[in-house]
Visitor: 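Sharing a structure below in structure tokens format, with a few things to ask.
Since the model is a prediction, treat every value here as computed from it, not as a measurement.
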Amino acid sequence: MQDKRRTTAPSEETVEHFIARLYRSGLSVPPEGFRNWALRQLATLIPHDGALWGSGSAREYKFHNVTVVGLPAEFPAALEATRPLNPILPKILAHLDTPVAMEEVLPDAAFFRSELYRGCFARFGISRILSTAHADPRSGLLSLLTLYRKDRTHAFSAVEKNLQRRLIFHLFQAASHAYFLHLSRLPGAQPARSAAAVVDRHGYFHEAQPRFLDLVDQHFPGHGGGRLPFELPATDAIVSVGDLRASCEPLGDLLRVLLWPAGPLDKLTRREREIVDTVTQGLSFKQAARKIGVAPSTVANHLYRIYRKLGVGSRTELASLVHPAPH
């Protein structure tokens, strides 16, 4: 990475192009590598030697997901070990969405003699630090982006601080957008009007779509945020959560939770939903059976039971339930 600071602002066209690339690259960059990619793109506007991008619980100030670029894998653990000594965290939490440089809270003369510097940053050659935090009050998610430089003479300039202030929102939003773009393309039918969140096994949010949070706020007023206000459903099960339905499936070490308002189709079993999804696409019994991997007679028998459950008498009526006309 570059090691010279920027003292003149890039053109408006350059900044707008950077922001547009963040959003346009949502599908072309794998979600697990998006933060790494975005930080490397950011280095063209704000040169740095290393960077850390973390997200986690604002309530616990704990990061569940950390991406590091340009620094050894052991850096986050060393940083966490010296957190009680680090004065920049309280400062950035008190001034969310505002870039804070280390020298603003701990003058150079004190910083370079400090136990914090000797115990962490000196080990990795870090001399300059610029950090920004963002907290989402609805989801309880805390995001942190910190840039590092090794050259002591290259403090982050006012231009670079203003750039980070402007770009931080787009970096966080584009990463979330990319994540859910990929999730929406996972195999398997997704219930109409459903919204998704990604949580850990304790129900703490890692990502959450705005509509998911809308449903939670509407049906669980005063829930407090930060985590699911209901027990995690068993994997691959559909459960009732008040007037809502929820399902859960593994997503690596995390879980994807879907939430949607209950409707007539929620009376159906998973197999019946699979039948409905195929026949309402205009497939014949034989084509639907081939796609699902069952006999055509099985499709016909299931469809008969589905009609009775839902009180419909034709595929047209069934399709109107699956794809209701907009109001």
Visitor: Mind checking salt bridge (charged side-chain N to carboxylate O under 4.0 Å, His left out) for Glu207 and listing every partner two or more places apart, or none if nothing turns up?
Guide: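 So Glu207 forms no salt bridge (charged side-chain N to carboxylate O under 4.0 Å, His left out) with any residue.
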Visitor: List the atom of His223, the atom of Pro229, and the distance in Å for their closest heavy-atom pair.
Guide: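 Answer, listing the atom of His223 first, then Pro229: CB-CB, 3.8 Å.
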Visitor: What residues form a side chain to side chain donor-acceptor pair (under 3.5 Å) with His206, not counting sequence neighbours?
Guide: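 Side chain to side chain donor-acceptor pair (under 3.5 Å) check on His206 returns nothing, list empty.
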Visitor: Rounded to the nearest 0.5 Å, how far apart are CZ of Phe212 and CZ of Arg138?
Guide: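 Phe212 CZ to Arg138 CZ: 11.5 Å, rounded to 0.5 Å.
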Visitor: Hey, is the main chain of Ala195 close enough, under 3.5 Å, to the side chain of Gln209 for a donor-acceptor pair?
Guide: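 Here the side-chain-to-backbone pair does not exist.
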Visitor: Side chain of Ser139, backbone of Leu141: donor and acceptor closer than 3.5 Å?
Guide: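 Yes; judged by distance alone, with no hydrogens or angles, the pair exists.
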Visitor: Considering the options Leu42, Val69, Leu22, which one meets the side-chain contact (heavy atoms from CB on, under 4.5 Å) requirement together with Trp37?
Guide: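 That would be Leu22.
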Visitor: Under the side chain to side chain donor-acceptor pair (under 3.5 Å) test against Glu104, which residue among Lys161, Lys91, His95 passes?
Guide: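 When Lys161, Lys91, His95 are each tested with Glu104, the side chain to side chain donor-acceptor pair (under 3.5 Å) holds only for Lys161.
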Visitor: Flag the pair Glu231 and Arg201 as a salt bridge only when some basic side-chain nitrogen lies within less than 4.0 angstrom of an acidic carboxylate oxygen.
Guide: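 Not counted as a salt bridge, because no side-chain N and carboxylate O are separated by less than 4.0 Å.
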Visitor: Salt bridge (charged side-chain N to carboxylate O under 4.0 Å, His left out) for Arg118 and Glu115? Distances and angles first, verdict last.
Guide: CA-CA 5 Å; Arg118 293 193 302 271; Glu115 184 181 345; 5.5 Å; no
Visitor: Looking at Glu16, I'd like to know if its CD atom is crowded, meaning that more than 12 non-hydrogen atoms belonging to other residues, nucleotides or ligands lie closer than 6.0 Å.
Guide: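 Counting neighbours around CD of Glu16, more than 12 heavy atoms of other residues, nucleotides or ligands fall under 6.0 Å, so yes.
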Visitor: Which of parallel (below 30°), tilted (30 to 60°) and perpendicular (above 60°) describes Tyr148 and Phe121?
Guide: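 Judged by the thresholds at 30° and 60°, the geometry between Tyr148 and Phe121 is tilted.
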Visitor: With a 6.0 Å cut-off (strictly less than), is the heavy-atom count around NZ of Lys309, excluding the residue itself, greater than 12?
Guide: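 Counting other residues, nucleotides and ligands, NZ of Lys309 exceeds 12 neighbours.
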Visitor: On a heavy-atom basis, which atom in Ala288 and which in Thr278 lie closest, and how many Å separate them?
Guide: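 For Ala288 and Thr278, the tightest heavy-atom pair comes out as CB-OG1, 3.6 Å.
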Visitor: Check whether Phe112 forms a cation-pi arrangement with Arg152 (NZ or CZ under 6.0 Å from the six-membered ring centre, at most 45° off the ring normal).
Guide: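 So Arg152 does make the cation-pi contact.
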Visitor: Search all heavy atoms of Leu303 against all heavy atoms of Phe285 and return the closest pair with its distance.
Guide: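 What the structure gives for the nearest pair is CD2-CE2, 3.5 Å.
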Visitor: Check for me, please, whether Leu171 and Ile19 land in the same ILVMFWY cluster - side-chain distances under 4.5 Å, paths through other members count.
Guide: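 Yes.
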Visitor: List the atom of Asp97, the atom of Arg165, and the distance in Å for their closest heavy-atom pair.
Guide: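 It is O-CG, 3.8 Å.
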Visitor: Counting distance only, does the side-chain N/O of Thr44 pair as donor-acceptor with the main-chain N or O of Gln41 below 3.5 Å?
Guide: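 Side chain of Thr44 to backbone of Gln41, a donor-acceptor pair under 3.5 Å: yes, one is there.
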Visitor: Does Ser284 use its side chain to pair, donor to acceptor, with the backbone of Gln287 at less than 3.5 Å?
Guide: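 Such a contact is found between Ser284 side chain and Gln287 backbone.
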Visitor: Under the salt bridge (charged side-chain N to carboxylate O under 4.0 Å, His left out) test, which residues partner Arg21, sequence neighbours left out?
Guide: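 Salt bridge (charged side-chain N to carboxylate O under 4.0 Å, His left out) check on Arg21 returns nothing, list empty.
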